[in-house]
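Worksheet for the structure shown next.
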Amino acid sequence: RGVASFSITLAHGRPELMPELPTKVVGFKPQIDAVPWLLTKVMHNLGDGGYTTALELEARLEEVPD
């Protein structure tokens, strides 16, 4: 598909996040931080561990730096 993917679960839930929202990540390798990501799946969870948000992100490979 020519897509890079990235998944993360946030320790604190973010109710404003939703699929198709462009986003940026910070604090990873410079090659990852530099990519314009798109949220493709957002799962909000409320359980014994509190409120968390799990994210799946995608970016087209031509946007990923070498």
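Throughout, residue positions are numbered sequentially from 1 according to the sequence presented.
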Contacts of F6 that satisfy ring-ring contact (aromatic ring centres under 6.0 Å, His included) - sequence neighbours left out: F28, W37
Specify the closest pair of heavy atoms between G13 and P15, including all atoms of both residues, with the distance to one decimal. O-CD, 3.7 Å
Of all pairs that satisfy salt bridge (charged side-chain N to carboxylate O under 4.0 Å, His left out), the ones with a partner from residues 4-19, not counting sequence neighbours: R14-E16
How long is the gap from OG on S5 to CG on L57, to the nearest 0.5 Å? 9.0 Å
List the residues meeting side-chain hydrogen bond (donor to acceptor under 3.5 Å, both in side chains) with E20, not counting sequence neighbours, and say none if there are none. none
For V35 and A59 the tightest heavy-atom approach is CG1-CB, 3.2 Å
Show which side-chain atoms of residues 38-52 pair as donor or acceptor with protein atoms under 3.5 Å away, not counting sequence neighbours.
| from | atom 1 | to | atom 2 | distance (Å) |
| --- | --- | --- | --- | --- |
| T40 | OG1 | E56 | O | 3.1 |
| H44 | ND1 | Y51 | OH | 2.9 |
| H44 | ND1 | T53 | OG1 | 3.2 |
| H44 | NE2 | L17 | O | 3.4 |

Other than M18, which residues form its hydrophobic cluster under the rule that side-chain heavy atoms must be closer than 4.5 Å? none
